[in-house]
There are 4 protein chains.
Amino acid sequence: MKTSYNIALIGTGYIGKTHALAYQAVNSVFPDTPKLVKALVVDINEAAGRRFADQFGFQSFSTDWKDAINNPHIDIVSIATPNFLHKEMAIEALRAGKHVYCEKPLAVSIRDAEEMADAAITSKGLTLVGYNYLCNPILQHAAQLIQSGKIGKPLFFRGVNDEDYMADASVPHSWRCERKLAGPGTLGDLATHLISLSEFMVGEVASVSGHLYTAHSMRPDPNDKSSSKPVENDDVVSMVVEYANGAHGELSSSRIAWGRKNRLAFEIHGDKGSILFDQERLNEIELYCATDDAANQGFQKILAGPAHPAYSAFIQSTGHQLGFNDLKVIEVRNLLDGIAHGKPLYPSFADAIRVERVISSVLQSADTDKRVGV
Amino acid sequence: MKTSYNIALIGTGYIGKTHALAYQAVNSVFPDTPKLVKALVVDINEAAGRRFADQFGFQSFSTDWKDAINNPHIDIVSIATPNFLHKEMAIEALRAGKHVYCEKPLAVSIRDAEEMADAAITSKGLTLVGYNYLCNPILQHAAQLIQSGKIGKPLFFRGVNDEDYMADASVPHSWRCERKLAGPGTLGDLATHLISLSEFMVGEVASVSGHLYTAHSMRPDPNDKSSSKPVENDDVVSMVVEYANGAHGELSSSRIAWGRKNRLAFEIHGDKGSILFDQERLNEIELYCATDDAANQGFQKILAGPAHPAYSAFIQSTGHQLGFNDLKVIEVRNLLDGIAHGKPLYPSFADAIRVERVISSVLQSADTDKRVGV
Amino acid sequence: MKTSYNIALIGTGYIGKTHALAYQAVNSVFPDTPKLVKALVVDINEAAGRRFADQFGFQSFSTDWKDAINNPHIDIVSIATPNFLHKEMAIEALRAGKHVYCEKPLAVSIRDAEEMADAAITSKGLTLVGYNYLCNPILQHAAQLIQSGKIGKPLFFRGVNDEDYMADASVPHSWRCERKLAGPGTLGDLATHLISLSEFMVGEVASVSGHLYTAHSMRPDPNDKSSSKPVENDDVVSMVVEYANGAHGELSSSRIAWGRKNRLAFEIHGDKGSILFDQERLNEIELYCATDDAANQGFQKILAGPAHPAYSAFIQSTGHQLGFNDLKVIEVRNLLDGIAHGKPLYPSFADAIRVERVISSVLQSADTDKRVGV
Amino acid sequence: MKTSYNIALIGTGYIGKTHALAYQAVNSVFPDTPKLVKALVVDINEAAGRRFADQFGFQSFSTDWKDAINNPHIDIVSIATPNFLHKEMAIEALRAGKHVYCEKPLAVSIRDAEEMADAAITSKGLTLVGYNYLCNPILQHAAQLIQSGKIGKPLFFRGVNDEDYMADASVPHSWRCERKLAGPGTLGDLATHLISLSEFMVGEVASVSGHLYTAHSMRPDPNDKSSSKPVENDDVVSMVVEYANGAHGELSSSRIAWGRKNRLAFEIHGDKGSILFDQERLNEIELYCATDDAANQGFQKILAGPAHPAYSAFIQSTGHQLGFNDLKVIEVRNLLDGIAHGKPLYPSFADAIRVERVISSVLQSADTDKRVGV
């Protein structure tokens with residue numbers, strides 16, 4: 001088994017920073033995990049890239065992402081660039097036999113995403129997509145509760161992913177509002193988390209009825225405040241889904257939900273109980289078991305603690321709260337352990353492509369006003 | 001103005017009891033409201049009916065509901081019988097010029113309901129349908145907040161109405177599971193509250209995409225425990241609606257949601273703020289106003305109190321909590337005041353028929369897999 | 001067994017109204033309870049009293065409370081007058097052999113209260129003091145959980161009773177601020193509920209260390225706005241208590257707690273678990289049992305329902321919420337059933353006198369800066 | 001201004017690990033902060049120490065803490081050893097002119113703590129004590145709200161710090177139960193956080209009435225399960241305090257509170273509003289402002305976000321949640337910035353000594369049953 005891996009990070013923006021913080025912490029938090037070497041960071045902006053390399057201690061820097069592919073010492077290529085660049089980078093890296101750690105969503109079109117998933121099949125490199133919310137110890141525990149039958153057979157999933165970053169009608173028009181540049185709106189942004197979470201909890205989505213809604217159909221032109229421009233994609237998406245295992249679900253997501261900041265929340269009803277979660281309180285789930293006696297039944301609020309996977313690597317006491325960045329550390333740990341031990345990574349490209357297929361099906365369903373198989 | 005009204009109550013079951021309790025309390029709680037005289041109670045079961053008349057102090061008793069219609073001293077006929085009996089009683093009472101106070105839902109078919117609504121148009125009697133949740137002071141306040149523009153233009157409504165009375169797969173088959181006897185399942189029972197609440201808050205529903213799901217498709221035959229019988233109606237209903245005013249919404253309702261007891265909950269997102277409500281805590285709403293400064297924005301939990309309509313008639317201090325039965329007292333107050341002052345009652349048959357039309361449209365949409373206008 | 005009891009109500013103010021509403025409802029809600037006849041209402045204000053008698057259907061009216069004592073047909077005398085009048089009325093009624101249902105607190109001085117308790121010992125009448133919060137079905141359930149050992153031996157009680165009716169420093173001076181008229185401030189008003197609740201849950205208080213705090217030491221003179229007058233009693237009281245059974249507790253109460261409306265809340269820690277309650281959500285408790293497995297331990301939120309004492313008399317479904325006034329109906333039911341079946345009433349004068357003794361001990365402790373036995 | 005500081009960490013246990021993680025992250029999270037160099041780590045256990053040095057990338061290792069003092073290149077000495085060792089190390093380091101970053105509590109006796117505080121006065125080194133909960137962005141915001149007058153003059157503070165690590169009576173006897181080794185129990189452990197938080201929010205404590213309670217007075221002898229040994233210190237401590245500014249408070253802390261994991265919670269009532277906090281949800285406060293109109297008053301739940309100090313260094317969106325370890329990173333940033341810019345550090349030894357004095361006063365008050373000045 002290799003005991004050390006060289007990683008190349010492409011992209012140093014918002015999400016690039018959370019990657020670098022996680023690379024830096026992973027071996028300290030999880031000392032038994034193979035060593036991660038910050039070998040190379042790539043950014044087209046040389047000044048920003050060099051500063052970043054210095055700030056996080058990368059061994060080298062380049063403005064050319066192909067350096068990450070062509071360098072034989074690089075084991076893992078991490079892609080944290082704008083979405084439209086994912087495809088070429090990922091496919092090249094996979095062809096070169098690298099492991100690829102790609103941010104979500106996979107790509108800006110289903111066709112691109114399918115090509116990426118195909119490339120993964122024939123590569124010796126493993127793939128992981130950055131749906132780091134799934135790494136939350138209390139969500140991992142929730143998944144284990146379901147697998148162990150604690151709430152019986154999952155029958156119904158009702159989930160939302162709401163934020164309010166576009167709730168103000170005076171937020172100016174931008175690339176986010178253009179279908180060509182951004183693809184779908186909320187559906188392609190927030191809803192991806194919700195779909196991946198739903199599949200993680202319940203299983204594969206088999207068909208979907210999708211509904212798009214643009215509440216603010218015009219937004220101020222940033223270049224000419226006296227006029228406005230049309231918004232081409234959805235503020236809100238509503239999905240009514242059937243899972244392959246027979247369960248049903250409702251997935252709803254909004255970028256105009258005033259007051260909601262990071263509300264990725266769900267409830268799952270099984271035939272023996274229910275589980276609730278809300279990411280605005282990411283260290284808690286609530287569990288209801290129908291087997292309790294009638295006078296004492298109720299939702300039980302479970303706080304994340306050492307009894308839940310990976311938590312105690314950060315802190316040894318219950319109730320001390322992990323944060324968003326800690327989840328990324330767990331994700332990187334999973335990446336390294338998976339590669340070292342040949343364990344399957346989750347969600348791989350093969351898993352994440354299903355999210356893209358659901359998105360594609362939602363668009364088709366919204367167009368045709370018919371349920372669409374995924 | 002008449003200062004006293006004679007009421008006849010038909011039906012003495014579960015909901016009949018809440019009626020009688022409200023008749024008894026209304027003039028004490030609201031001393032300025034016209035006098036309500038418990039003139040007659042009707043039940044086909046003579047023993048039960050007489051006991052009920054005695055228990056609640058009705059002046060007279062009959063086993064024949066036509067006595068309520070034919071008695072010229074009766075001003076108001078209250079219908080709390082099984083749903084399939086509503087139509088004939090309501091129409092007869094309206095023809096006789098009585099005011100009709102009918103329990104929800106109006107009828108077991110859209111055709112029956114339409115006939116009732118038609119009868120109301122030509123009668124001099126007023127009509128009120130027993131959606132008493134709407135009488136909740138804190139919900140009345142929520143509606144006023146919306147009307148006053150506190151959250152701006154309502155854009156999106158997301159509501160649920162969940163209970164768990166059929167969550168256990170071993171609950172035996174009954175009339176509730178038969179389409180002929182019960183009509184739709186959750187859609188005809190719980191979802192009616194949700195639809196009426198949604199219309200009260202946002203406005204009329206213009207079209208709907210409806211989805212039905214039967215999680216427990218077979219239930220034990222109560223007469224032969226070794227076999228089971230098919231469930232013919234929905235455990236869960238999902239609706240994606242458009243309102244006439246351009247807002248959108250999602251309405252979801254389940255009778256198999258383990259742990260949910262009376263969760264009639266919603267969130268409304270406007271272009272200036274949001275409001276939240278959950279009936280399992282019926283003395284609270286949460287209000288978010290986008291106009292607060294960024295560092296202090298958040299959902300504000302408002303407790304019902306004397307500043308809200310009708311509350312102080314029950315108790316003079318904030319935070320002392322009203323209960324379910326108190327809401328029925330307010331409903332009866334509204335009935336009497338409306339009749340006495342010729343104020344329109346809400347929801348009248350003309351309002352409630354829209355709930356029935358939505359239900360009908362949902363059924364049609366679920367059948368055809370197409371959005372259906374209401 | 002008598003099947004009907006005549007009650008005389010003395011006093012028709014705020015709390016008198018809640019009495020009358022409860023008298024009116026009790027036999028309808030609880031049909032098996034002996035009949036309560038609203039025989040007489042007394043108020044020194046003839047106009048107000050007559051109006052009240054009419055509003056609630058009392059058979060007769062008087063301006064002289066002695067009519068309640070001297071009338072041999074009266075079985076129960078209910079005292080809802082200002083506190084300083086309780087003593088004479090209660091003692092006269094007990095001497096006349098009446099059952100006495102007296103509002104809290106018993107009296108304005110410990111000496112008066114002791115005389116009342118003495119009179120109760122030698123009377124054939126039973127006594128009940130109106131601490132109606134204790135009648136809450138979910139609190140009755142909490143008490144049963146404790147008695148059944150669900151949380152083991154109670155070790156520690158931490159309770160608060162907070163409101164904000166004096167939080168505004170500009171609330172003018174009144175009789176409430178004068179020691180001669182009001183006695184202690186928060187201690188004599190809000191804290192009485194907390195003390196009675198604490199004794200109901202844990203047992204008798206054996207000793208107390210008491211601390212009084214007057215935050216707003218001067219208040220505007222209502223008659224001369226340019227000047228202000230000293231406040232002579234406490235805004236906040238802090239008590240550290242020992243119970244006779246060895247448990248300890250902290251009781252804290254404030255009338256200047258901005259935002260708290262009716263927060264009578266506690267947590268009890270036993271050696272096997274804990275229970276939480278907050279009266280601003282009076283249909284819920286939370287239960288923690290140490291015996292659950294580590295990964296799933298948490299506070300379980302139990303909603304009031306038919307599995308809890310007296311709830312189903314009001315409504316047959318869980319989660320439908322009782323209100324403040326419903327608790328008074330249960331109290332009156334307890335009164336009638338206790339009298340009819342010779343069951344001990346709780347809290348009787350003998351129980352309530354302990355609340356007064358605790359108050360007296362707190363005052364003494366605050367004066368002497370020493371722990372004081374009760 | 002120096003742009004780089006060498007730190008020596010003494011102690012590699014539970015809290016040492018959180019230190020090392022924070023040293024590692026601080027310059028990446030806060031790139032404008034002076035460079036921190038992990039120069040030396042000290043542990044008496046050579047194997048463990050070497051492993052730790054390797055895991056976290058310290059430049060050198062020693063088993064002798066004096067190497068940290070005597071090395072002229074070391075700028076900052078961090079003390080994360082058992083409490084009884086703090087005094088000698090801190091005083092030696094201060095004498096050598098080092099900056100000292102010492103874990104809480106300062107020492108095991110008030111005399112030792114006073115000596116440390118004295119040494120700090122005459123040293124050119126700055127001091128910081130590791131009460132990292134105070135670094136929480138949402139608490140910093142709460143403090144700013146108070147300072148800006150948002151809730152008016154703080155009048156009353158009610159705080160708790162509860163855990164359940166000794167709630168189980170079968171937890172065996174240990175050094176924690178011996179007064180000689182551990183000093184006070186909960187008072188010396190959990191309550192220190194509460195006292196420091198209370199002083200941070202309201203101001204200096206002037207006097208205290210203290211009450212100690214040992215619920216489990218005997219615990220099993222770990223060496224002889226058939227017998228048990230006496231517990232010499234407190235399971236629960238209750239403090240009723242007066243602040244120098246005239247405010248009052250109640251501080252309560254328990255190590256036997258089943259279900260409480262890290263509940264450091266408080267409410268502050270001012271004359272214009274209130275603030276609530278509970279560390280089990282460390283990204284939230286609730287704010288009540290009395291100036292809102294009556295119908296809409298309520299507690300407003302504010303989620304931590306970029307509008308609050310230091311938050312956006314970790315993540316740029318509201319609601320994404322910081323964790324316990326992130327607070328330590330902020331603390332180390334404060335340390336470095338303070339040293340570099342000569343800003344006073346909070347809490348310094350001069351601040352933390354007040355916590356020790358409160359503890360000492362509580363012990364004295366509990367002994368004498370009298371209020372004691374601090």
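These numbers come from a predicted model, not from an experiment. Order of the sequence lines fixes the chain letters, A, B, ..., with proteins taken first and strands second; residue numbering starts at 1 for each chain.
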Among A:Ala167, A:Gly273, A:Ala169, residue most engaged with chain B (heavy-atom pairs, under 4.5 Å) = A:Gly273
With only heavy atoms counted, which part of B:Ile268 is less than 4.5 Å from chain A, the side chain, the backbone, both or neither?
-> neither
Once you leave out hydrogens and angles, what donor-acceptor pairs under 3.5 Å do chain A and chain B share?
unit_1   : atom_1 : unit_2   : atom_2 : d
A:Leu155 : O      : B:Tyr213 : OH     : 3.0
A:Arg158 : NE     : B:Ser252 : OG     : 3.1
A:Arg158 : NH1    : B:Asp162 : OD2    : 2.7
A:Arg158 : NH2    : B:Asp162 : OD1    : 3.1
A:Arg158 : NH2    : B:Asp162 : OD2    : 3.3
A:Arg158 : NH2    : B:Ser252 : OG     : 2.7
A:Asp162 : OD1    : B:Arg158 : NH2    : 3.1
A:Asp162 : OD2    : B:Arg158 : NH1    : 2.8
A:Asp162 : OD2    : B:Arg158 : NH2    : 3.3
A:Ser209 : OG     : B:His211 : NE2    : 3.4
A:His211 : ND1    : B:Arg371 : NH2    : 3.4
A:His211 : NE2    : B:Ser209 : OG     : 3.4
A:Tyr213 : OH     : B:Leu155 : O      : 3.0
A:Ser238 : OG     : B:Glu250 : OE2    : 2.4
A:Glu250 : OE1    : B:Ser252 : OG     : 2.8
A:Glu250 : OE2    : B:Ser238 : OG     : 2.3
A:Glu250 : OE2    : B:Ser252 : OG     : 2.8
A:Ser252 : OG     : B:Arg158 : NE     : 3.1
A:Ser252 : OG     : B:Arg158 : NH2    : 2.8
A:Ser252 : OG     : B:Glu250 : OE1    : 2.8
A:Ser252 : OG     : B:Glu250 : OE2    : 2.7
A:Trp258 : O      : B:Ser274 : OG     : 2.7
A:Trp258 : NE1    : B:Asp271 : O      : 3.1
A:Arg260 : NE     : B:Glu267 : OE1    : 3.2
A:Arg260 : NH2    : B:Glu267 : OE1    : 3.1
A:Lys261 : NZ     : B:Tyr288 : OH     : 3.1
A:Glu267 : OE1    : B:Arg260 : NE     : 3.2
A:Glu267 : OE1    : B:Arg260 : NH2    : 3.1
A:Asp271 : O      : B:Trp258 : NE1    : 3.1
A:Ser274 : OG     : B:Trp258 : O      : 2.7
A:Tyr288 : OH     : B:Lys261 : NZ     : 3.1
A:Thr368 : O      : B:Lys370 : NZ     : 3.4
A:Asp369 : OD1    : B:Arg371 : N      : 3.3
A:Asp369 : OD2    : B:Arg371 : N      : 2.9
A:Lys370 : NZ     : B:Thr368 : O      : 3.4
A:Arg371 : N      : B:Asp369 : OD1    : 3.3
A:Arg371 : N      : B:Asp369 : OD2    : 2.9
A:Arg371 : NH2    : B:His211 : ND1    : 3.4

Go through the atoms of B:Ala257 and report whether side chain, backbone, both or neither lie under 4.5 Å from a heavy atom of chain A.
-> both
Answer with side chain, backbone, both or neither: which region of A:Ile151 has an atom nearer than 4.5 Å to a non-hydrogen atom of chain B?
-> neither
